[in-house]
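Note on naming: letters A, B, ... go to the chains in the order of the sequence lines (proteins, then strands), and numbering restarts at 1 for each one. In what follows, every heavy atom counts, from backbone to side chain, and hydrogens, waters and symmetry copies are set aside.
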There are 2 protein chains.
Amino acid sequence: MRKENSTNTLNKQHLEKDCGMSYTLTAIGGRWKPAILWRLARGKMRYSELRDSIANVTERMLVLQLREMEKDGLINRIVYAEVPPRVEYELSAKGNSLKPILESLSDWGDKNRI
Amino acid sequence: MRKENSTNTLNKQHLEKDCGMSYTLTAIGGRWKPAILWRLARGKMRYSELRDSIANVTERMLVLQLREMEKDGLINRIVYAEVPPRVEYELSAKGNSLKPILESLSDWGDKNRI
DNA sequence: CAGTATCCCATATGATACTG
DNA sequence: CAGTATCATATGGGATACTG
């Protein structure tokens with residue numbers, strides 16, 4: 001099934017009609033999204049803090065995944081008009097509503113990985 | 001970050017050490033795994049029933065995703081020694097323990113998709 | 001500091017045909 | 001019926017260099 005537009009951002013056309021599971025998994029399931037969400041669930045962070053705390057992530061991928069989650073409304077990007085520039089990321093209200101799910105995903109993983 | 005082996009089956013090396021979230025998401029996050037899990041959560045199904053109920057899936061992808069979930073211990077594959085052949089798939093105990101999570105993923109998706 | 005821009009490759013997925 | 005095999009393509013992701 002081909003995607004109808006060029007981005008990975010979510011819209012109705014991407015979804016199987018039978019359930020919202022795929023929607024949620026696409027929203028949080030990118031290569032670096034769990035690492036990002038896990039950190040932001042603990043509080044607001046600067047771009048450089050995210051980059052430095054996530055091992056092996058490239059700036060390219062970090063920005064791509066942040067932009068997708070911003071478009072999907074999971075996180076807020078806050079730009080301060082300062083020199084040098086400062087950008088902070090935080091969970092939005094929508095993102096915050098995911099926290100119990102992130103917890104249960106983490107718990108299940110911790111219990112069931114070999 | 002390159003994978004150390006050729007399959008997508010889970011092992012310790014695939015995991016970020018900071019959380020089990022990635023483990024769970026890899027286990028259930030394949031292209032067709034949500035559709036499969038959603039159906040098996042409602043009960044045992046034959047291969048052909050899965051194939052016919054999941055729109056647009058190819059046999060190749062269906063089998064690949066089933067095999068991965070079988071390797072990861074989420075589902076059982078039951079082969080009956082009959083002619084014509086009959087194969088049924090069902091959630092394992094481990095797979096069943098995911099059901100509350102699948103539910104919450106689905107609920108969140110239904111509420112938050114546009 | 002917080003990003004972009006290119007280039008490149010591995011992997012995931014798809015199309016189609018065939019089979020025990 | 002329940003798959004395999006083969007080939008082709010799309011996409012995700014990495015390396016590296018550059019910039020407002």
Side-chain angles (χ1 to χ4, degrees), chain A residues 1-10 14 16 22 25-36 44-71 75-90, chain B residues 1-10 13-14 16 22 25-36 40 44-71 75-90:
Chain A
M1 194 160 25
R2 214 68 42 79
K3 286 205 201 106
E4 293 78 4
N5 60 22
S6 54
T7 74
N8 193 24
T9 298
L10 298 163
H14 294 159
E16 301 287 315
S22 300
L25 287 169
T26 304
I28 68 178
R31 174 68 183 84
W32 300 100
K33 288 178 184 179
I36 296 168
K44 192 178 297 194
M45 286 180 79
R46 295 183 63 157
Y47 171 81
S48 54
E49 293 179 311
L50 283 170
R51 185 195 56 207
D52 297 345
S53 73
I54 301 177
N56 300 119
V57 73
T58 62
E59 300 205 306
R60 178 181 129 80
M61 282 312 299
L62 180 57
V63 172
L64 282 175
Q65 303 260 291
L66 285 168
R67 294 286 183 273
E68 273 188 14
M69 291 196 289
E70 192 191 355
K71 271 207 171 183
I75 63 176
N76 298 136
R77 177 171 178 268
I78 309 160
V79 183
Y80 296 88
E82 301 175 0
V83 178
R86 182 158 64 105
V87 178
E88 291 185 339
Y89 292 92
E90 64 179 9
Chain B
M1 192 160 27
R2 215 69 42 80
K3 285 204 200 105
E4 294 79 3
N5 62 20
S6 54
T7 74
N8 193 25
T9 299
L10 298 164
Q13 286 71 41
H14 294 160
E16 301 288 313
S22 300
L25 287 169
T26 303
I28 68 178
R31 174 68 182 85
W32 301 100
K33 287 179 185 178
I36 296 168
L40 295 186
K44 193 178 296 192
M45 286 180 78
R46 295 182 64 156
Y47 171 80
S48 54
E49 293 178 311
L50 283 170
R51 185 194 57 206
D52 296 344
S53 73
I54 301 177
N56 300 118
V57 73
T58 61
E59 299 205 304
R60 179 181 129 79
M61 283 311 300
L62 180 57
V63 172
L64 281 175
Q65 303 260 291
L66 285 168
R67 294 287 183 273
E68 271 187 25
M69 292 196 289
E70 191 190 357
K71 270 207 170 182
I75 63 176
N76 298 135
R77 177 170 177 270
I78 309 159
V79 184
Y80 296 87
E82 302 174 1
V83 179
R86 183 159 62 107
V87 178
E88 291 184 338
Y89 292 92
E90 64 179 10

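Remark: A:Glu70 pairs with no residue by the salt bridge (Lys or Arg N to Asp or Glu O under 4.0 Å) rule, at least two apart or across chains. Listed by chain and number, the residues in a side-chain contact (heavy atoms from CB on, under 4.5 Å) with A:Leu25 are A:Met21, B:Leu25, B:Ile28, B:Pro34, B:Leu105 (sequence neighbours excluded). B:Arg51 meets the side-chain hydrogen bond (donor to acceptor under 3.5 Å, both in side chains) test with B:Glu59; sequence neighbours excluded. Remark: B:Tyr89 pairs with B:Arg67, B:Arg77 by the side-chain hydrogen bond (donor to acceptor under 3.5 Å, both in side chains) rule, at least two apart or across chains. Remark: B:Glu49 pairs with no residue by the salt bridge (Lys or Arg N to Asp or Glu O under 4.0 Å) rule, at least two apart or across chains. For A:Arg86, the salt bridge (Lys or Arg N to Asp or Glu O under 4.0 Å) criterion is met by A:Glu82, A:Glu88, not counting sequence neighbours.
Atom pair A:Met61:CE and D:dT11:P shows a separation of 15 Å (rounding to whole Å applied). Nucleotide D:dT11 holds its C1' atom 12 Å from the CD atom of A:Glu68, rounded to whole Å. Atom CG in A:Leu64 sits about 12 Å away from atom C1' in C:dA5, given to the nearest Å. When the C1' atom of C:dG14 is taken as reference, atom CG of B:Asn56 falls 11 Å away, rounded to whole Å. Summarising the geometry, the separation between CG on B:Leu62 and P on C:dA15 is reported as 14 Å, rounded to the nearest angstrom.
For the pair A:Leu66/A:Leu50, a side-chain contact is recorded, criterion being any heavy-atom separation below 4.5 Å from C-beta on. Looking at heavy atoms from C-beta onward, A:Trp32 lies out of side-chain contact with A:Leu64 at the 4.5 angstrom threshold.
Each end of the helix from C:dC1-D:dG20 to C:dG20-D:dC1 yields a helix axis from five base pairs, and these two axes differ in direction by 60° (to the nearest 10 degrees).
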Just by protein heavy atoms under 4.0 Å, how would nucleotides 1-6 of chain D read 5' to 3' in B, S and -? BBBB-B
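Within the 4.0 Å cut-off from OP1 or OP2 of C:dT13, at least one side-chain nitrogen or oxygen of B:Gln65 is found.
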